[in-house]
Each structure stands twice: as C-alpha cells, then as structure tokens.
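In each ligand, atom 1 is the first atom listed, and ligand 1 is the first ligand listed.
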Amino acid sequence: MATIEERVDQAEASGSDIPVENPATGEIIASVPNRSADEVREIVARARAAQPAWEALGYEGRERILLRAQKWVMDNKERIISTIVSETGKTYEDAQLAEISYVASAFGFWAKMAPEWLADEKVKTANLFVKGRKLIVRYRPVGVVGVIGPWNFPLTNSFGDCIPALAAGNAAVLKPSEVTPLTSLLMEEGLRECGLPEDVFQVATGDGQTGSALVDEVDFIMFTGSTATGKRVAAKAAETLTPIGLELGGKDPMIVLRDADLDRAANAATYWSMNNGGQVCISVERVYAEEPIYDRFVSKVTENVRELRQGRPLGPASVDVGAVIFPPQLEIIEDHVRDAVDKGAKVLTGGHAGPGPGRFYEPTVLVDVDHTMKAMTEETFGPTLPIMKVSDAEEAVRLANDSPYGLAASVWSKDTQRAEAIARRVESGAVTVNDAQINYTALELPMGGWKASGLGVRHGPAGLRKYTQQQSILVTRLAPKKDIHMFPYSKLKTGLIGKLLGLLYGRGKREKTYANLGA
Ligand code: NDP
C-alpha cells in the first residue's frame, strides 16, 4: 500500500484530487484522491474479505496489535502532531492534549475492555415456561464499520471511533473530512507498521459523495459532524436499514451560580470556550451567570481573553488560539457576532476576523446577549463567548434547556450537592459540575447527545457494543418428550394453564425477576 506522499502524487496525477490547505498560512500543502462510489465499493469489499481473519485472531491477538499501535503513536508523536497542526492550524497543545493523549489512551482502553464488555453473558429467567434452560447473550462483530468524521479533531473524532470497532473484531473504513484527511492517512501507515493485517483498516478520502457511498456499503455507520449532514446520513442509512451512531452539534450552556469559585469558573470559561479555537462539539458556547456575580465574572473572563495569543502555531507554547479550520466557518462566526451586535449586544474584546495570511477570528467576549440572537441559539463553533445575566438558577436552567441541542452542559457552584441537583434538570447527554469537556476523556463514561445532538453513544459499554450484533442463545438440555402447552390442546391442559396464570399474576404482584443478573 502507498505512503501518504505516494497517494498525494497519485491524486495529482489522476486530476480528481482534493487540495489540502494549512488554515494558518493559506498554503496548499497536499492533495488527496476524491474516491468515487465504485472505489468505495471496492475498498469495502476488501475490508469484508479481510475481516473474518481479524475476528478469528481473538481478543489477545488483536490486543497485541492495538498495544503496538499505542506505542507507535507515542514513538511518532511529533510527526502526528505536526501533521494535525499543518492541516488544522490548531496549536501544538490542542493537538497533544485532545488528540495524541485521547488516541494513545483509547488503544489501551479498548484492548483491555473489549474482552470484558463483549464476553458472553449468562442470563437467568424467572419465567416458569423457560426455567431450566441455558440462556446466553453474545456479541458478534457487525463486519465492516464505516466511520465518517469532521475536521475539528482529525485524530480523536475520526480515527478514534475506529479503535473500538477494530477491538470488537470488525474491519473499519474511515472517511475523514475532505478538509483534514492527512492525519487519517498517517494512521493507516502506522497501523500497517504495527502489523495490522492488510485491508482491516482503510481510509477512503473524498468529499460528501464519498461519505454517502460508504453509508450504502457498510454494516454500521459511526458519523460525527453537523446535525444537518447527520440527518442526511440517517435518511440514507434507512434505505438499507444500516444501524448508525450520530454524534452531532451542540450549544453547550455553562451555568455560573452566585456561590461559584469565580476564579476557577472564569479560567474554565476562558479555556473551555477557546481551546481548539472554540471548534469543539462540547465547547462552552454560552454562559448564564447569576446577577450578584455577573459583573465580577465578566471582568475576569474579559481580562483572561484579552491576554490570549493568537496566530500561526510554530511549535510548543507559541500561541494559545489557532486558526479557523474550515473556510465557511469564518462566515458563520462573523454572522453570529454581527447579528448579536445588530440586536444590541456589546463586544468587550475581539469581534473581528484576524489579519491574514491564514484564517483567524479574534477571541471574543459578548455581553448584553439574549435568545433572539444566533450567538445564543445556534452553534457558532469558534472562539466566541457570549455571557448572559440571569436573575437566578431557575432562569438559567430554563434558558439552558431552551435549545434544540443537548450535547453537554456545566454547572458551577461550591455547593456541589445543589449543583448536581441542577445538573440533573439540564436536558443534555452529559453535565459536569465545576468542570467542562473532561468527561470526554473518561472512556468508561458514555458520551452522546440528546435532542438534535445525536443518537446513541460513544464510550462506555454501549459505545463498544454498538459495533456488534447481539445474539440471544437458548439451549434446552433436559426436557420431556412433550411440553404441556404443545398440541393437541385439551380442556384439561388449557384449564391447568389458566389456573397457573391466575396463581402467578392474579394478585397484581410484581414478579420476581432476575433481570440484569447476567453473570
Ligand atoms: P459535516 O457534517 O459538514 O461533515 C462531517 C463529515 O460528513 C465530513 O467527513 C463530510 O465530508 C461528510 N459528509 C458530508 N456530506 C455527507 C453526506 N451526504 N453523506 C455522508 N457524509 C457526508 O461536519 P463538519 O465536518 O463541518 O464538522 C463540524 C460539526 O461536527 C459541528 O457541527 C460539530 O458540532 C460536529 N461535531 C460533533 C461532535 C460530537 O461528538 N458530537 C464532535 C466533533 C464535531 P466533507 O468534509 O468532505 O464534506
């Protein structure tokens, strides 16, 4: 199989290539093939042929390769970071902390948990008609998993979903965003070096049509991206009844209560809204601060944001906030800020696109905002932080829930019991107290959106089992020649069964059950 450089050359020769830009400089740094539907079909056919041997390798065999890959990631850390930085324009730190560290940990985590979470489960039943039978739930890989990823985290959110799919015994085909395909191609090279059998993991570079073709061919689609595209993927998958997981957009609220540790809350609001240039699905996108602490909170955040250094990343600690990765995203950010200002919002710092070359938007704080403004209701996905004054926690919860999205949220207070009670009232797949985003690094904890933010979860047992088909097995060992309910029907047997049902359920009592006792 070809190296990245060879594939880039092939793409240039074929003429149907997609140019890859460095958003921090505006330079074209590579180009990759735009795979057609026929090519996707061939890629998936090769994956399908390779999968049974990978499954047959068993957990231990797969673990050996996944752990080699973990070491490969650390041995090649600088090369991976520089690839990520070159195609995203994000900072060295954003690539190191949110991408290298996630994927390195994920290789070890899924290798360890797959045998445990996918082990056969023995089930007991209380139902008299089935008693004595052996009941088992087993998990079998679906076959070929298609992963379609966005551009904000080319390693974590694109390649990262392939790791549990592979650990479960599937082959995986990854369609990275056309904006950031190079990191995925590098991982393809890396896995080959680690001894992953040919065709078990392949990258199909291309645009939306390539992604759409992948949906038609695979046995499960894990999609991460915008809600609009997610709906298109769901409609396409419905044609073939292909199961899907959708991780979509968000508009994460941060609720700052009057008794919060204001320094921590202000530092966190600054960091978790501006890290990765604000291009994080679980970014703090809007803040509701209680009236008594609002002014102090706003001035601390504004002071922090004014100090952020933005520009082209040139190695570790060179800048704090990187580039806007995707060209149309800059227009969305500008539109949200303009719309807010037109409706009466005030910009305390930032508020403009940065100077070129490269694509930047200044870290921005907005106040005097409300829910008539796009900045408070639509996903901005940029380095902006609108802060709204609320009279009390009730108003904050009502406004936090006034959103089509429900991906993540946070509540800030020294009274963690009360904060947890408020967290439980927020309509969101994940809520953190006195923290944000770091729930994503606890791979034991399911992560998934409510409402327009997604379907299903990544991480946790369900985030692995979705890549399998559940099979229930019932084995009858010792049994009479004929069970009582079998033909021929007789008045005596029908009467006996009727009496038995009366005894069992006639008193309106809860049945004794062994549900969830799987051993
Ligand atoms: P998009 O929805 O535009 O694209 C996501 C992927 O889908 C890309 O690879 C894209 O290809 C591909 N695609 C486009 N059209 C189709 C189609 N018809 N069928 C199949 N695939 C298609 O999202 P972005 O890349 O713009 O990513 C940003 C969005 O992702 C934000 O809304 C963000 O919130 C969300 N996101 C959600 C996360 C979560 O975990 N919930 C995590 C990270 C991001 P191409 O790029 O070539 O067009």
Side-chain angles (χ1 to χ4, degrees), residues 17-21 32-35 37 40 87-88 90 98-99 102 146-161 173-181 183-184 203-218 221-239 242 244-252 276-283 285 324-333 378-382 403-408 428-430 437 439-440 446-459 463:
D17 53 323
I18 297 175
V20 181
E21 182 204 27
V32 295
N34 191 4
R35 297 291 183 202
V40 169
E87 65 179 345
T88 61
K90 68 172 70 179
E99 307 234 53
Y102 177 90
V147 174
I148 301 177
W151 39 258
N152 59 341
F153 287 107
L155 191 59
T156 297
N157 275 336
S158 289
F159 179 76
D161 284 315
V173 177
L174 169 60
K175 204 303 271 179
S177 167
E178 66 186 273
V179 182
T180 55
T183 307
S184 302
V203 176
T205 53
D207 58 16
Q209 292 309 307
T210 311
S212 181
L214 188 62
V215 178
D216 284 338
E217 301 298 328
V218 294
I221 274 285
M222 180 62 217
F223 173 86
T224 304
S226 63
T227 299
T229 312
K231 286 180 183 173
R232 279 201 287 280
V233 166
K236 191 96 172 77
E239 290 170 17
T242 302
I244 51 171
L246 300 177
E247 295 283 347
L248 308 175
K251 187 74 190 169
D252 293 4
N276 215 50
Q279 302 158 112
V280 185
C281 52
I282 49 175
S283 253
E285 281 251 341
V324 174
I325 303 168
F326 184 46
Q329 203 62 40
L330 187 60
E331 287 158 36
I332 295 174
I333 301 166
E378 295 178 19
E379 188 178 43
T380 307
F381 225 58
S403 171
Y405 294 112
L407 194 54
S428 171
Q437 289 193 24
N439 56 302
Y440 202 91
M447 163 77 216
W450 290 4
K451 304 198 270 188
S453 290
L455 271 185
V457 295
R458 56 160 66 96
H459 306 163

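On a distance-only criterion, Trp151 and ligand 1 share at least one N/O pair closer than 3.5 Å. Backbone and side-chain nitrogen or oxygen atoms of Gly211 are examined, and none is located within less than 3.5 angstrom of a nitrogen or oxygen of ligand 1. Below 3.5 Å of separation, one finds an N or O of Ser226 facing an N or O of ligand 1. For the pair Asn152 and ligand 1, the shortest N or O to N or O distance does not fall below 3.5 Å. Between Asp207 and ligand 1, not a single N/O pair is under 3.5 Å apart. On a distance-only criterion, Leu248 and ligand 1 share at least one N/O pair closer than 3.5 Å. Considering backbone and side-chain atoms together, Thr224 places no N or O closer than 3.5 Å to any N or O of ligand 1. Any N or O atom pair closer than 3.5 Å counts here, and Tyr440 shares no such pair with ligand 1. Note: no N/O pair closer than 3.5 Å links Thr227 and ligand 1 by distance alone.
One distance of note links CG of Leu248 with OG1 of Thr224; it measures 8.0 Å at 0.5 Å rounding. Here the straight-line distance linking atom CZ of Phe153 with atom OG1 of Thr180 works out to 11.5 Å at 0.5 Å rounding. Here CG of Asp207 is found 5.0 Å from CD1 of Ile18. Values are rounded to the nearest 0.5 Å. To the nearest 0.5 Å, the span separating CD1 on Ile282 from CG on Leu407 amounts to 6.5 Å.
For atom 27 (O) of ligand 1, the closest non-hydrogen atom on the protein side is Pro150 CB, 3.2 Å. The nearest heavy-atom contact from the protein to atom 17 (C) of ligand 1 is Gly208 O, 3.6 Å. When only non-hydrogen protein atoms are considered, atom 28 (C) of ligand 1 lies nearest to Phe381 CE2, 3.9 Å. For atom 16 (C) of ligand 1, the closest heavy atom belonging to the protein is Thr229 CG2, 3.4 Å. What sits closest to atom 10 (C) of ligand 1 on the protein, heavy atoms only, is Lys175 NZ, 3.7 Å. Atom 47 (O) of ligand 1 has as its closest protein heavy atom Glu178 OE2, 2.7 Å. The single protein non-hydrogen atom nearest to atom 39 (C) of ligand 1 is Cys281 SG, 3.2 Å, given as residue, atom name and distance. Counting only heavy atoms of the protein, atom 40 (O) of ligand 1 lies nearest to Arg458 NH1, 2.9 Å.
Interface of Asn157 with ligand 1, defined as ligand atoms under 4.0 Å from a residue heavy atom, comprises 42 (C), 43 (C). The Leu407 neighbourhood of ligand 1 comprises atoms 41 (N), with distances under 4.0 Å to a heavy atom of that residue. Listed by number with element, the atoms of ligand 1 under 4.0 Å from a non-hydrogen atom of Glu247 are 37 (C), 38 (C), 39 (C), 40 (O), 41 (N). Residue Ile148 has at least one heavy-atom neighbour below 4.0 Å for each of these atoms of ligand 1: 6 (C), 7 (O), 9 (O), 12 (C), 20 (C), 21 (N). Those atoms of ligand 1 that come under 4.0 Å of a heavy atom in Gly249, given as number and element, are 32 (O), 34 (O). Here is the list of ligand 1 atoms found below 4.0 Å of a heavy atom in Pro176: 9 (O). In the vicinity of Val233, heavy-atom distances shorter than 4.0 Å reach the ligand 1 atoms 19 (N), 20 (C). For ligand 1, the atoms closer than 4.0 angstrom to any heavy atom of Ser212 are 19 (N), 20 (C).
Residue Asn276 comes nearest to Asn152 through the heavy atom pair ND2-O, 3.2 Å, listed as atom of the first residue, atom of the second, then distance. For Glu178 against Gly206, the heavy-atom pair with the smallest separation is CB-O, 3.5 Å.
Across the listed options Gly149, Ala228, Gly225, Gly146, Gly149 owns the non-hydrogen atom lying nearest to atom 8 (C) of ligand 1.
Between the side chain of Thr227 and the backbone N or O of Ala452 there is at least one donor-acceptor pair closer than 3.5 Å. Although no hydrogens or angles enter the test, the distance criterion places a donor-acceptor pair under 3.5 Å between the side chain of Asp252 and the main chain of Ala408. Using modelled atom types, one side-chain atom of Glu247 and one backbone atom of Arg458 make a donor-acceptor pair closer than 3.5 Å. At least one donor-acceptor pair under 3.5 Å links the side chain of Lys251 to the backbone N or O of Glu378.
Distance check for atom 4 (O) of ligand 1: every protein heavy atom is found at 4.0 Å or beyond.
The proximity of Phe153 to ligand 1, defined as any non-hydrogen pair under 4.0 Å, does not occur for either the backbone or the side chain. Contact annotation: for Gln209 versus ligand 1, there are no heavy atoms closer than 4.0 Å. The side chain of Glu379, and not its backbone, has at least one atom closer than 4.0 Å to an atom of ligand 1 (non-hydrogen atoms only; side chain from C-beta on).
Under the side-chain hydrogen bond (donor to acceptor under 3.5 Å, both in side chains) criterion, Lys175 pairs with no residue at all, not counting sequence neighbours. Taking Phe326 as the reference, Trp151 meet the ring pair (Phe, Tyr, Trp, His ring centres under 6.0 Å) condition, with sequence neighbours excluded.
The aromatic rings of His459 and Tyr440 sit perpendicular to each other, their planes meeting at more than 60°, with 30° as the lower class boundary.
Counting only N and O atoms by type, the side chains of Lys451 and Ser428 include no donor and acceptor under 3.5 Å apart.
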